[in-house]
Each structure stands twice: as structure tokens, then as C-alpha cells.
Amino acid sequence: MSGAIPNYLDVLNGEQREAVLHGGNSEAGTHPLLILAGAGSGKTRVITTKIAYLIREQGMDPRSILAVTFTNKAAREMAERARLIDPRAGDAMMRTFHSFGAWFLRRNADLAGLSSGFVIYDDDDAVSLLGTIIPDVPRQELKATAALISRAKDYFLSPNDPELDQIDYRPEFRKDYTRYEERLAKIGNVDFGDLIKKPVEILRSRPDLARRFHERFRVVMVDEYQDSNIAQFRLLSELAGPETYLCVVGDDDQSIYRFRGAEVKNILEFPERFSGTDIIRLERNYRSFTPILKLASSVVDHNTGRLGKTLRAERGNGKLPTLAFLPDQDEEAAFCAELIDRSVRMPEKNGRAKDSRTRDGPAMYSDWAILYRTNAQSLGFETELLRRRIPYQVVGSLKFYEREEIKDALALLALLMNPRDEVAFRRIINKPARGIGEKTLDAIMEAAYAAPPASGLSGLIGTANNLSLSAKAAAGIKAFAGFMEKARTLLAPGTKGIKPAKAAGPESPGPKNSAQESPGPKNPARGNPADSGAAIRAGEGLSICTAALIVDSGLAEYHSSHDEINGYQRIGNLQELVNAASLYPSSMEGLAEFMEHIELDRSLETDQKTESHPNSVTLITLHNTKGLEFKRVILTGLEQGIFPRDDKEGDDLEEERRLFYVGATRAMDELYLCSCALRRMYGRTIPTTPSLFLREADQTVLRVIGDVPPGFGSGRRAGSAVGGGYGGAYPYNRSFEHAPSGGAGFGPEQVSSDGRWKRGDRVFHDDQGYGAVADIAEEEDGPVIRVRFDNGQETRFLSRYQGRAFTKIGTDHV
DNA sequence: TAATCGATCTTTTTT
DNA sequence: AGATCGATTA
């Protein structure tokens, strides 16, 4: 508010301010800047403030600033926070590396030899493509090859590069990679790796273009630089012209993407690669209490080859992290749930808190995060939290876009974007059955590739017609071409909301299920599952075309009738996709935007949930927590084989240590660690030993509860039940863990006495949706069932009650 | 050619 | 426990 320094800079400490002001209007402007920012040192604040500062104080055009992150979430957060300081920051380009690459290629598609409507293949698509190139190879092997190709691209290695040997020396690999690239080029699409690699190649071969980019982006910033790979380093190098101000931020202790080609080398050697680099260290941690930081450091200290830094906890002392030894993973889930439940229900009254910031009354669900090593581990926690009605949110689960029906629908859209998309074509051409089997398909593809530049889909269909196909196949192809053409018309400029013609499907003639223009139908269609008609409703924008495709192609009908039990869910999912499409304009450009959003950022679903339920527990993988913080964090599955994973050693083990470090330093106030004696793996229950990291951890900053396993801890004697150690603080009480949560009298019966219900039977209720019979009891009025609905609600019903609102739809064998 | 069954593996982490 | 692959059948 006064003097030379504007007030938004006042909240910064010395180093932070130095980092923000660096490269001001002096000649130092050309000096690159490396910010080594420890966990919780206010890194994001520095970046966002710096962006605002450049605009405000240096008069920089926001459009000439490029800020690159690694996750979409981080990009969004950065944009949001920068805008809060100065609204003009919204015009700066803040994207992930991959999203930037896609943007670059979209406007230079011709230079890259891509189809103008190119689509981005995900890992799965890449595997499918490989499958068509090298047939009769088990999927697993294809996956391995696809992974190697992806790795090669991370290292900026082309099929003819001598250094490719470092990825895999086998000549077959070189051959497969070559053919993969050739095929991808013919199709005109790209994979993830291309989003980085191709822009570099273009910029190198076109100095004029590179110069234009240098003029456009005067400032380039990179967040989480420790996780950049070689290709990304190359891209950065190409983007950095002689006048470009380069600023990268990172922490070598938080490098956790080696498996994806990340090179810590990039950050370690940055000063050598870019001469004149100034280095600023941010070593004051504002997030966690001292013991948490000590614990995290004590583990990562076992690593060699670190830059090394000393993080100071500015918040001082707080609660000791708790290490809980638990019998098995079910108890682990129960422990977490109980811990969370209690903290929310009762205010902290243990007088332990010396710092006033810990005594802030009852916790919120959103204060909590449960961290795990692998996605599969989320399931147990979900079940338990659902059971206890504790709201939660799973971050980064891609489940939605991995569903078969969704991938099918997306394949239709992809084919609309790029008619040469072989992978998409193969996926849906015979779904529903159009009499085109593998043989026919191969013939069609061969003809299509042999023919001179296919004039799009019609060209392909044309070639297909020249083949001697069965009558059924010929008719199928023709119908296919028909609805694709119609969908294309819907996207043509000037076309407005034509309804999808009819609900396709052999035995549901007539337009009775035709889509209507009801604005924004938010909920999946529901009704009596006995009606097999699939009702997909189009709202506005792109959803009209999407719905038309899904219905006209017969996909809706296919999925609803194919899967007796989940058919309705599938329709619901398709409806959700249609709804998502409604946000985009009904045009080819709108479609491109929609596809790109889906391909690059699959977290869309989670965002919606966060908005609708802001107060919920976060379930998240350790990798996904990068850049996040929570008041209370539970680190789960600290067992050998889980975390760290199996026989990790050397550099891989060091990476796991850093992962531990990242996880632990997410915690602001409280940190809990869980280790189970038994764990279910591959469907078997296996005894485990505590994680190596628990041994390496500084025991003086740990409070241990539960049954300490034999041989753990240097001083303590093995086997001594630490009963006294619970000290009343152990929030987990075995006695009510196994007590029935609902009404009394429910037993282990499998079948109700009147034979109407079996445990596990699936039901559908008009208000509650889907559910399953959880328990059966016999009462004087007759059998009573308890139904647990998928939405978490539990309700009891008399067995004989089964009206319109409530129907049995099948049996789930448990 | 489609659908179903059983045997046989597997399981990181993500743009 | 779940996916995937191969073989067998309608």
C-alpha cells in the first residue's frame, strides 16, 4: 500500500521476493532462473505472484507468458491463483506440456503431416494399433512394446536413432517401432509422446516458425521441473530464444516419474545447459509441523545423489506422526474411517496442541486424505467409507473413460474427426454385429490402405464396396456410412438441432424413444429396466450429434440389451457423455475441443463431484498428491511389496523413498502411517513385513500403536503386546467394529424363508437407484431384507413388498 | 462368426 | 479377484 513495493509482495519472505523480482527490467532479464523449492515452501505462490508481477510492474503482455505444468489440475490452480492477484493473468498461457503440444500441433497440423482433425491416441489405442501391425501376439507383450515406444519418445528417440539401443537393443523392437510410426503417420493421428516430440521436430526444421514463437513467448516458466523428461527438455530448449526469459521451479527430492522417462538430470544440470543461470533456494516450509518434516526427511536422507537441502519448519512443533500396526487391510480401512469419523464428530480436546493453529474445533471431512500406492487399494477404503456414510471423492480415477461403452462412443466421434482412424474404425464397425468379422475387416483395411489417399470415410466405404462382401456385410457398411454422414451434416455450419431419427434396434421400430430437446437433462435416464429400449436424450450443442451417433449406430441398443444387469448403468454412462458434450458448440471445432479435453484431462468427472460435494475425504494415489496439501494425511499400505513395491532396488528404490517423502510432506497438522500384517493380493491373503521405510524413519518422531510386529524397532522386544501404548488415544475400538450397523436381528441367512430373495440380489428402486440385498432377517411380519444402494443409502424392506418402485433385476453371485 | 466357458496369468505410478 | 486368452460350442 505504500512505497515502492506493492502490497501483494509484502506477504513474501526474502527469498520468495527475490525470486519474484528476479529478471526485472535490468539486463539480468536474460539470465535464466532456477528455483529450488522444497516441499511446502510457497512455490506456487511465487510462480503466480511472478506472473502477476511481470504483467503489473513490468508491463508485460500476458499473452507473451507461457507457464507449463505437469497436471491439468496444477494448470487450473495456477491460472486461478494468478488471476486473483491480477485478472489480466488469465490471458497468459498456462497449460500442461502435453496440452501445449496439442495446441501447437493443432495449428501446425500440415507441417507435421497430420490429419487436420487428428485425434490423440491413449495408451490403450496405441496397444490396439500395435495389435493390428503385429498380429497374434499376446496383449501383454503388445503392452510392453507400446510402453517401450512411449519411453523412446520420452527420450526423443526415433526408430532410426542409434541410441535406441538404450531403450531396447532387439532389432525386432526397432522394426515394430518403425512400423508403428509408419502406420500412425498413414492414419494421421498422434500418441501422447508425439505431443512433445513432433513440436520439437517442427521447430527444429523451421527456424522461421521458431522465431515467431520466440517473439510470441518472451517468458517461459516450468513448474515441477524435476519431472520433465528429455523430450520436454528439448522442447523447452527450442522455445527458448536468445531473448527468452526462462524460469524453472522444482525439487529434486520430489522427482517421482522416472518410470515415465523423467530425468532428475534435467534439474541438476540446468545451470550448465543454460549458462548464466541464477539459483534461488526456498527452504522455509510453511506447511507442516517439525516432526512431520523430520520424519519425511529421515527417510529420504537414505538416498544418495541429492542436491541436498535443509528444510526448516516455520510452524514449529506439533503432534507426533502416528504409526499404526494393523492386522489386515479391512482393519486398516476401519481404522481410517474411525479416525476420520471421530475427528469430525468431536473437537480436539487432548490439550496436546501447543500451537493454536491445531485447535480449530472439529475437523472437516475435507481436511482428510487417504494416500495409497496403487489405484487398486482405493476399493477397500471406498467400501468402508460408503458403509459408514462418510463422503469421499476418488481423485484421478479414470474409470469413466475406460468403460467399454464410453470408449465405443468416443470411437464414433474420433472417426468423425478423422475418417482414417483405423483403431476407431476397427473398434466399432462391428458393434453391433454387422456381419463383419476379422477376415472381412482385414480385407477392408488392406483395400483401404492400398487405395490412393482415401477420400475420407466415403472413400473407404467405396473401396469396401469393390470387394466381394457378403450381403449382410455390404448392407452393414452402407448403413454405417449413412449415419456417419448424417452426423457430419449435423456438425456442418448452419445446421441446427436436427433430432436423431429413431431409436435404432431391430425390434423397436417407430420413433417412440426418439430423443427430445429437453434442456440439460442432468440425470441418467431411469425407469423400469424391463423396458429394454435405450433412451438417450440430447440436450444442446454437440450433444445432439453425439446422441444421434450413439442411437443411430445402434450402440445404445447394443449395450442396453447386451448386459442384462448393467445395461441401464451403461446407458446412464452414455447419457453422461452426451451431457458433457452439450457444453461444446455443435461444429467440427467444438468436437475437436471436446475430444481434446477428454483425451488430455480425464479428471472431469472428479471435478464435478468436488463441486457438488466440497466437504469430502480425498482418496488419492501418492503420485497424484504432488502439489496438494491436506491438514490430515493417512499414508496406507506401508508394507514390503506394496510400498516400496516388490524388488525395487537402486535408483528405483530411491524413487520410492521420494514418493514417501512427497506423501508425508502433504500433511499440515497430522500424519498417520498404516502397516498391515496381512494383505490380500491376487485374491490370496499374504503375510507381510513392515515397509523398509518404517525402519529407516527416525523413531523419535513416531508414536507407535497397535501390535508391533516381531523384529520391528531396534530397542523394543519382539512380540510385547503394546496394550498400554494405546493410552486411550488409539481411536479404534475393536468391539464395535464388528457390531451390525443397522437394526438388530440380521443374520447370516443366504436366502429368505419365502425364497424370494438371495443375498447379493440386485435391485432397482425408482428413487434410490441400484442396490443389492445386503442382509436377510426373519421377523414376525415375514422375511425382511436390508438393501444397500449404490448411493450409500441402506433401507429395510419387507420381503413381500415389491411394487412399481422396487424391482429385482438379477442376482449377483458373491 | 458369435458367444461362452474355463484355465491362466497378473498388478505400479500418468500426460 | 479380475482380466485375458484360447478353445469349444451353437
Side-chain angles (χ1 to χ4, degrees), chain A residues 68-75 95-102 120-124 126-127 131 136-144 147 150-151 153-154 190-197 224 227-229 231-232 235 255-262 329 371-380 395-398 401-402 404 430-441 470 472-473 476 558 562-563 596-603 620-626 637 641-648 652 655-656 658-660 662-663 679-686 813-814:
Chain A
V68 183
T69 62
F70 276 82
T71 66
N72 295 288
K73 199 170 183 174
R95 287 174 178 261
T96 64
F97 260 115
H98 289 87
S99 148
F100 175 79
I120 303 161
Y121 278 165
D122 64 15
D123 294 351
D124 231 43
V127 171
D136 300 325
V137 169
R139 206 180 154 71
Q140 179 137 355
E141 218 170 293
L142 294 175
K143 267 189 185 164
S150 161
R151 181 69 69 85
K153 292 190 178 185
D154 287 341
V190 295
D191 60 18
F192 271 116
D194 287 338
L195 293 177
I196 312 295
K197 188 164 171 274
E224 309 283 8
D227 283 323
S228 61
N229 60 34
Q232 286 160 340
L235 181 54
S255 167
I256 53 176
Y257 284 102
R258 217 177 85 90
F259 70 94
R260 211 174 77 190
Q329 57 194 2
L371 277 50
Y372 38 80
R373 179 65 232 272
T374 65
N375 279 304
Q377 286 166 260
S378 76
L379 215 88
V395 172
S397 131
L398 319 169
Y401 291 104
E402 276 171 4
E404 186 191 351
N430 206 31
K431 215 172 196 182
R434 298 190 176 89
I436 298 163
E438 214 174 316
K439 289 261 165 66
T440 320
L441 195 44
S470 70
K472 196 179 174 197
Y558 173 87
H562 239 68
D563 190 335
E596 200 161 299
H597 183 88
I598 289 172
E599 285 147 358
L600 260 27
D601 183 6
R602 307 200 145 179
S603 61
I620 190 168
T621 62
L622 285 155
H623 281 87
N624 261 324
T625 59
K626 194 165 73 164
I642 300 288
F643 185 27
R645 273 201 70 77
D646 267 326
D647 297 313
K648 293 274 185 182
D652 288 338
E655 175 139 321
E656 300 270 309
R658 292 191 292 265
L659 200 50
F660 179 94
V662 168
R679 183 158 295 266
R680 283 222 323 259
M681 279 176 103
Y682 309 134
R684 283 282 140 244
T685 301
I686 314 267
H813 295 286
V814 197

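Computed from heavy atoms alone, side chains included, the values below leave out hydrogens, waters and symmetry copies. Each chain gets a letter, A, B and so on, in the order its sequence line appears, and its residues count up from 1.
Taking the six-membered ring for Trp, H623(A) and Y372(A) have ring centres at least 6.0 Å apart.
Rounded to the nearest Å, the gap between the C1' atom of dC5(C) and that of dT12(B) is 23 Å. Here the separation of dG6(C) from dT11(B), taken at their P atoms, is 15 Å to the nearest Å. For the P atoms, the distance from dT13(B) to dT4(C) is 15 Å, rounded to whole Å.
Contacts between chain A and DNA chain C, taken as any atom within less than 4.0 angstrom of a protein heavy atom, begin and end at dA1(C) to dC5(C).
Counting to the nearest Å, the P atom of dT15(B) and the CD1 atom of I256(A) are 11 Å from each other. Separating the CD1 atom of I686(A) from the C1' atom of dT11(B) is a distance of 13 Å, rounded to the nearest angstrom.
Q140(A) comes within 4.0 angstrom of sugar-phosphate atoms only, judged by non-hydrogen atoms across all strands, and of no base. Note on D123(A): a base of the nucleic acid sits closer than 4.0 angstrom, heavy atoms only. Residue-level contact check: R139(A) touches the backbone only, with heavy atoms under 4.0 Å from sugar-phosphate atoms and none from bases.
Looking only at side-chain heavy atoms (C-beta outward), K626(A) and Y257(A) come within less than 4.5 Å of each other. Within the 4.5 Å cutoff, the side chain of F70(A) has heavy atoms near those of the S228(A) side chain. For the pair K153(A)/D191(A), a side-chain contact is recorded, criterion being any heavy-atom separation below 4.5 Å from C-beta on.
Contact record, E596(A) with A102(A): OE2-CB, 3.7 Å, taken as the closest heavy-atom pair.
Of the candidates dT13(B), dA2(B), dT11(B), the closest approach to any side-chain atom of T374(A) belongs to dT13(B). Nearest nucleotide to the T621(A) side chain, out of dA2(B), dT14(B), dT12(B): dT14(B). Closest to the side chain of Y257(A), out of dA2(B), dT15(B), dT14(B), is dT14(B).
Relative ring orientation between F192(A) and H98(A) is described as perpendicular, the plane-to-plane angle rising above 60° on a 0-90° scale split at 30° and 60°.
In this structure, N375(A) reaches the dT14(B) phosphate: one of its side-chain N or O atoms is under 4.0 Å from OP1 or OP2.
Q232(A) meets the side chain to side chain donor-acceptor pair (under 3.5 Å) test with no other residue; sequence neighbours excluded.
The aromatic ring of F259(A) sits over the base of dT13(B), with ring centres less than 5.5 Å apart and planes inclined by under 30°.
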